[in-house]
Every structure is written in structure tokens, then in C-alpha cells.
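Have a look at the structure below, then the notes.
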Amino acid sequence: MSDTPTADAPTEAAPRRRRTPLLVVGGIVTAALVVGALTIGGAFDGDGDSTAPTARERPAESTPPPATSGSPEPPSTVTRITHADVKALTDARTRALRDGDATAFVSGIDPANAELMAAQHRLLANLRLFPFARAEFLPPTGLDAVRAEDAGAYSYDMVIVFSHQLDGIDSEPAAETYTWTLSRASIDAPVQITKIVGSNPTSAPTRPVTYPAAWDGDELAVVEREHILLAVAATDRDRAAAWADRAELAAKRNAEAWHGPAITPRRFAVFVPTKRETVRRVLGDKAGFCELVTPARPGGGSMSPVGARVTFDGADTAFASSTNPDTGIGLLRRELAEAMVGQFAQSSLIGGGGRSRWVSEGFAYYLAGDNSYRGAARAELRAGRFSGKLPVDTDLLPMVKGDQGAGAGFHVSMLTIRYLAEKYGAAKADEFVVAMYANPASLDAAIKAASGLERDEFEAGWAGYVRAEIGG
């Protein structure tokens with residue numbers, strides 16, 4: 001549950017003929033387009049009958065459209081790729097997803113690229129397994145055309161947004177981005193998609209759905225429960241029902257333990273890969289991870305998350321077993337706990353890492369009843385390294401699987417939330433968590449609201465509690 005894993009960087013686009021373009025294009029413009037799409041939210045288009053987000057404004061005046069150089073050339077003299085060309089491709093793909101039309105879904109792809117054709121057929125089959133309330137492929141706006149200086153072959157990289165809302169899970173559409181390489185062999189040839197790679201712009205302050213999402217990989221199977229939508233590789237289909245049952249139990253127990261403000265969603269998207277390559281790409285060295293995602297619409301940069309994607313390493317023993325003997329589902333409860341309260345985080349903070357990690361981790365371990373790192377905390381106390389001060393994020397060192405010695409900060413953070421719940425009531429503890437998610441700088445005010453005490457007085461009582469709990 002630490003930082004978002006970094007997906008493999010997209011490979012470079014196919015070489016293209018780089019002349020002196022009549023319209024300023026290239027990587028810089030492409031980057032501006034995707035940042036506009038994810039921070040301004042209106043830099044992608046859709047027609048009035050589509051399922052696109054309701055606001056489709058052009059980028060703010062501070063984001064200039066691609067500039068032209070001199071007078072526009074007549075269309076008959078240069079090879080062009082227009083916004084209308086791109087929109088025709090994305091609209092066709094959106095309709096094909098809605099209708100389950102595999103032929104139409106790949107109609108714009110270079111037929112000579114068998115590997116890309118197969119990958120996109122698989123993507124469609126996977127997407128059709130998910131209950132989307134809304135789903136649409138959208139081109140960025142802000143340009144009329146990109147073109148070469150003559151009538152020869154031309155290629156161009158375009159960032160495409162997959163705006164989607166999982167029914168009952170996302171409160172509104174979130175965004176995943178792809179980079180399409182679009183090519184036109186000559187002035188009269190059709191525009192074709194010759195390459196598609198994931199696109200995760202790190203400069204955007206919002207947090208889009210990280211590529212690869214569950215549907216971007218191998219053939220999937222999906223199992224649904226009341227609170228869980230669980231996706232696995234088709235080869236793990238026989239184990240999916242048992243995993244979904246365990247995740248469902250974890251979600252129910254978390255909901256029963258929550259006494260704070262009303263929470264949404266009460267349903268969670270869970271992905272359990274077992275293939276080593278997939279686990280490495282989406283989880284790195286973690287056994288579980290909760291990724292909060294933010295809106296695909298204007299204002300997304302200052303709004304709370306609209307949903308979460310929770311991933312577990314199905315091949316790791318931490319997923320199959322747990323140090324919590326009461327439930328056997330400690331890992332699931334921890335990650336689902338963060339998904340449960342993620343709506344309270346301000347996206348402008350989570351995108352920059354400003355969310356208070358010790359609070360989110362402490363709450364997750366508290367809700368799961370997980371005492372995994374009690375021994376590590378006791379060792380720190382006996383070594384004289386417990387300061388008696390409330391945790392800070394740097395107390396939670398980067399974790400390596402099986403490294404118990406680095407876990408003292410996790411346990412002390414958990415004891416902070418538990419102390420609040422035992423002394424002032426579970427509702428007060430939950431309200432403290434919400435306050436710290438909304439504003440990590442509000443620690444003193446959050447303590448005062450939960451306990452009625454100033455920080456120094458609260459801290460003294462808490463330190464005594466921690467020593468008593470782990471000193472035996």
C-alpha cells in the first residue's frame with residue numbers, strides 16, 4: 001500500500017518521417033495533450049449520444065492549442081491526420097465495445113500486425129467481462145490536424161483516453177491512457193493504428209488508472225460477489241471462486257468494524273495475478289496494493305478519488321495465509337480498508353504523495369486486527385529507540401517481503417488508531433482517520449476533535465499505552 005508501482009515504460013514509437021511540419025507537433029505537444037486530458041479533464045472529445053463525461057470543454061486558455069506555421073496548406077497537397085480521423089477510430093471502438101463486435105473493434109488496426117490484432121481481440125474479450133456503467137475511448141481535442149510537408153507516408157503518436165466507470169464501484173468515470181501510433185501511407189490512404197502501448201504520464205497531478213490494468217494482459221475470468229468484483233487469469237479460473245469468497249468476507253468484516261462517516265463504495269474491484277511477469281509489472285515486490293484513482297472529468301485534480309483498484313499477488317504465501325489467526329484474511333482486509341476510505345483523500349494530495357502514510361497504514365492494520373509487527377516494535381522499545389512521539393511517515397521504512405525488522409513503525413501506527421478507538425470510541429478513531437486523509441497537515445486539530453486534548457497531553461497518554469502494550 002505504499003507508492004503506485006511503476007509500470008514498464010512504453011517502448012518508443014515506430015520511426016517516422018520527420019520533415020519540417022506545417023503544424024508544430026511531436027512529443028511535446030503529445031505530452032501537453034495528455035496532461036490536459038487528465039488534469040483539465042476536458043481535453044478529450046465525445047459526441048452528444050456517447051457515454052463520455054458530461055463536460056467536454058477545450059483546455060483552459062493557459063494551455064495553447066498546437067500552433068500553425070504560415071497559411072494552412074490545401075488538403076490535397078499534404079498527408080494529413082485530422083482530429084476527425086482519430087475520432088472516427090475511437091467512436092468505432094466505443095461502439096464495438098458496447099456491441100461486442102470484435103471485427104469493428106480492430107477495424108482501424110494495420111492488418112499486417114498480427115500480434116497487435118491478437119492483443120486487441122483479447123482486450124475486447126476481457127473488457128466485455130466487466131460491468132461498465134460507462135465506457136468510451138476518447139481522442140484529445142485541441143488540434144485540427146497533424147501533417148507532413150508533402151504527400152508521402154506519415155506517422156504520429158496520439159494519446160487516447162479510455163474513460164470508464166465500473167458499475168457500483170466507481171462513483172464516476174476514471175481514465176486509463178494509451179499511446180496510439182497512427183500512420184497514413186500516403187495522402188489518400190486510410191489512417192491505421194500501427195502500435196498501442198500504455199501511457200502513464202508522471203507529470204499529471206491526478207492519478208489515472210495505472211497501465212497495465214487487469215484487462216490489458218492475459219485472457220481473464222471474472223467472479224462477482226455482493227461486495228467484490230474479482231478478476232483472475234483464465235488459467236486460475238478454478239481458484240477464483242474461493243478467492244472471491246475470502247475477499248467478500250474481508251469486505252464484510254471491514255464494513256462491520258467501521259463506525260465513521262458513510263462510506264462509498266461498498267463494492268471493490270480486485271485483481272489477483274499469479275504469473276510472475278504480471279505480478280512484477282503491477283505489484284513490484286509487494287504482496288498487495290490499493291491504487292486510488294481520480295476523476296476523468298474537469299476538476300479531477302482537486303477532487304477526492306472516485307474508486308480504487310486492489311491487487312494481490314496470488315502466488316505469494318501472504319495472500320494464501322495470514323499471520324492473523326482469527327480471520328486468515330489479514331492481507332485482504334488491510335488493502336480493502338484503504339480502498340474503503342480512499343474517497344476521503346484529496347486527489348491533489350494523493351497524487352503528490354501527501355497523504356499521511358502512517359495513518360493509512362495504521363488504520364489498515366488496526367481494522368484487520370493485524371499484530372504482525374509487534375515483535376519488531378518490542379525490539380525497538382527495548383533498544384531504547386521508541387521516542388514517545390507520534391509516528392511520522394519516515395518511520396515506515398520501505399518494506400521488503402519478509403523483513404520483520406522494518407515493521408516497528410507499522411505496529412506503532414496501528415496502536416495509535418487502536419488507542420483512539422479504545423479510549424475515545426471507534427467512531428472517534430474513524431473520524432480521526434477521515435480528517436487525516438482529507439488534510440494530512442491537520443494532525444493537531446484532528447487529535448483535538450477526537451480526544452478533546454492538545455497534542456502534547458494526548459501524546460503523553462498514548463506513549464504510556466504503547467509502552468504497556470509492547471513492553472511485556
Aromatic ring proximity, centroids under 6.0 angstrom, Tyr437 and Phe432: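 No - the distance between ring centres of Phe432 and Tyr437 does not fall below the 6.0 Å cut-off.
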Got [X] and [Y] here, is their nearest side-chain heavy-atom distance under 4.5 Å?
{"X": "Val433", "Y": "Ile417", "answer": "yes"}
{"X": "Trp180", "Y": "Thr90", "answer": "yes"}
{"X": "Ile263", "Y": "Arg266", "answer": "yes"}
{"X": "Arg455", "Y": "Leu390", "answer": "yes"}

Lys286 to Phe289, cation-pi by 6.0 Å centre distance and 45° axis angle: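 Pair Lys286/Phe289 counts as cation-pi.
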Within 45° cone and under 6.0 Å: Arg309 NZ/CZ vs Phe271 ring: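 Negative - Arg309 is either too far from the ring of Phe271 or too far off its axis.
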Donor on one side chain, acceptor on other, Glu338 and Ser360, under 3.5 Å: no
Polar side chain donor-acceptor pair, Arg418 to Tyr465, under 3.5 angstrom: yes
Please output the side-chain donor-acceptor pairs of residues 120-131 that fall under 3.5 Å, not counting sequence neighbours, one pair per line with the distance.
from   : atom 1 : to     : atom 2 : distance (Å)
Gln120 : OE1    : Arg93  : NH1    : 2.7
Gln120 : OE1    : Arg93  : NH2    : 3.2
Arg122 : NE     : Gly217 : O      : 3.0
Asn126 : OD1    : Leu220 : N      : 2.9
Asn126 : ND2    : Trp215 : O      : 3.2
Asn126 : ND2    : Asp218 : O      : 3.0
Arg128 : NH1    : Leu97  : O      : 3.1
Arg128 : NH1    : Arg98  : O      : 2.8

Aromatic plane relationship, Phe137 with Phe162 - under 30° parallel, 30 to 60° tilted, over 60° perpendicular: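 Taking Phe137 first and then Phe162, their aromatic rings lie parallel (interplane angle under 30°).
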Pairwise ring-ring contact (aromatic ring centres under 6.0 Å, His included) hits with a residue in residues 238-266, at least two apart: Trp243-Phe319, Trp258-Phe363
Residues that Lys423 engages under side chain to side chain donor-acceptor pair (under 3.5 Å), provided they are two or more places apart: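 For Lys423 there are no side chain to side chain donor-acceptor pair (under 3.5 Å) partners, ignoring immediate neighbours.
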